[in-house]
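The first residue of the sequence shown is numbered 1, and numbering continues consecutively from there. Note that ligands are numbered from 1 as they come in the structure, with each ligand's atoms numbered from 1 the same way.
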Amino acid sequence: MTLELELRDLAVDIAREAGDLARRRRQEGVAIAASKTTLADIVTEADREVETLIRSRLAQARPEDGFLGEESGAEEGTSGITWVVDPIDGTVNYAFGQPAYGVSIAAVSGRPEPTEWEALAGVVVAPVLDEVFSAARGHGAHLGERRLSVTAETPAGALIATGFGYDPETHAGALDELRKVMPIARDIRRAGAASLDLAYVAAGRLDAYYERGLKPWDMAAGALLVTEAGGRAGWLGVDSWGRRLLVAAGEPLFERLAGVLSD
Ligand code: IPD
């Protein structure tokens with residue numbers, strides 16, 4: 001078995017356990033523990049508990065790897081591999097009792113910076129629908145056992161998802177971007193969980209997804225799902241606040257979106 005497959009299988013087991021914990025805590029009723037930077041940027045007790053579980057499972061299985069998590073921060077390892085983790089992506093949905101949230105776990109090598117790393121394995125679990133999206137570099141992307149492919153052609157009107165980030169500067173840019181993208185879209189979705197948006201592009205449930213200002217843990221697993229499903233996930237220009245724009249789609253639509261968004 002290759003290292004990539006080993007890392008993927010470990011991530012699948014841990015993400016399933018983490019997803020079960022998140023779902024149970026949700027059923028018990030969950031409290032918002034704190035607002036981080038803005039009203040929408042929240043954390044619940046469950047986010048912290050689920051990240052603690054993932055972190056300790058990874059430390060037991062691979063003590064030499066590094067870790068970068070949304071809630072508990074970064075720790076360097078010695079193996080050259082870092083786990084990039086969002087314990088509950090879509091926390092606002094989670095807190096409001098909506099099903100579109102996911103557990104996202106990726107293993108990357110190199111510096112844990114999205115423009116520099118090489119993703120080796122990635123898993124996104126959607127606990128409410130009991131769906132497990134997984135990818136290992138060079139081995140494709142799967143939903144359960146089924147191999148995934150992005151949509152092949154640029155459809156006449158693409159179903160395109162996006163997200164708006166949480167701060168006012170990102171909101172202003174998002175409105176400009178929406179104005180550019182709407183004319184080529186069949187419709188737009190803002191489901192509220194970047195990792196699932198990317199998993200849905202990989203599964204052909206969306207034609208494309210773009211968002212400015214994503215954090216590494218929002219996209220590490222999902223971007224690998226897209227590339228292993230035959231698509232492209234790439235960063236476009238940096239804005240004046242240093243935020244990059246991630247675009248993910250099949251190749252023809254990627255080019256078209258990149259053109260429209262760079263105008
Ligand atoms: C957020 C979600 C959302 C996206 C935000 C992310 P979180 O992650 O993925 O869809 O628009 O940019 O920060 O805070 O729920 O883990």
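Looking at Arg205 and Glu131, a side-chain N of the basic residue comes within less than 4.0 Å of a carboxylate O on the acidic one, giving a salt bridge. Under a 4.0 Å N-O distance rule, the pair Arg48/Glu71 does not qualify as a salt bridge. Between Glu28 and Arg25 there is a salt bridge, since a side-chain N of the basic residue sits under 4.0 Å from a carboxylate O of the acidic one. The pair Lys215-Glu70 does not count as a salt bridge, with every side-chain nitrogen at least 4.0 angstrom from each carboxylate oxygen.
In the vicinity of Asp86, heavy-atom distances shorter than 4.0 Å reach the ligand 1 atoms 16 (O). Of all atoms in ligand 1, numbered sequentially from 1 with element shown, those under 4.0 Å from a heavy atom of Ile88 are 16 (O). Which parts of ligand 1 touch Gly90 is read off a 4.0 Å heavy-atom cut-off, strictly below it: atoms 7 (P), 15 (O), 16 (O). In the vicinity of Gly163, heavy-atom distances shorter than 4.0 Å reach the ligand 1 atoms 11 (O). In summary, the atoms of ligand 1 found under 4.0 Å from a heavy atom of Asp89, numbered by their order in the structure, are 1 (C), 2 (C), 7 (P), 8 (O), 9 (O), 15 (O), 16 (O). Numbered from 1 in the order shown, with element, the atoms of ligand 1 that lie under 4.0 Å from a heavy atom of Glu211 read 4 (C), 5 (C), 11 (O), 12 (O). Of all atoms in ligand 1, listed by their number and element, those nearer than 4.0 Å to a heavy atom of Gly192 are 2 (C), 3 (C), 10 (O). Atoms of ligand 1 lying under 4.0 Å from at least one heavy atom of Ala194, given by number and element, are 2 (C), 9 (O), 10 (O).
Contact annotation for Arg190 and ligand 1: only side-chain heavy atoms (C-beta onward) come within less than 4.0 Å of the ligand. By the criterion of a heavy-atom distance under 4.0 Å, the side chain of Asp218, and not its backbone, is placed next to ligand 1.
Defined by atom type and a distance below 3.5 Å, a donor-acceptor pair is present between the side-chain atoms of Asp47 and Thr91.
In the displayed structure, Arg62 atom CZ is contacted under 6.0 Å by more than 12 heavy atoms of other residues, nucleotides or ligands.
Judged by the shortest distance from any of its heavy atoms, Asp197 lies outside the 4.0 Å radius around the atoms of ligand 1.
Through ILVMFWY side-chain contacts below 4.5 Å, Leu175 is grouped with nothing and stands alone.
Residues satisfying the ring pair (Phe, Tyr, Trp, His ring centres under 6.0 Å) test with Tyr101, not counting sequence neighbours, are Tyr94.
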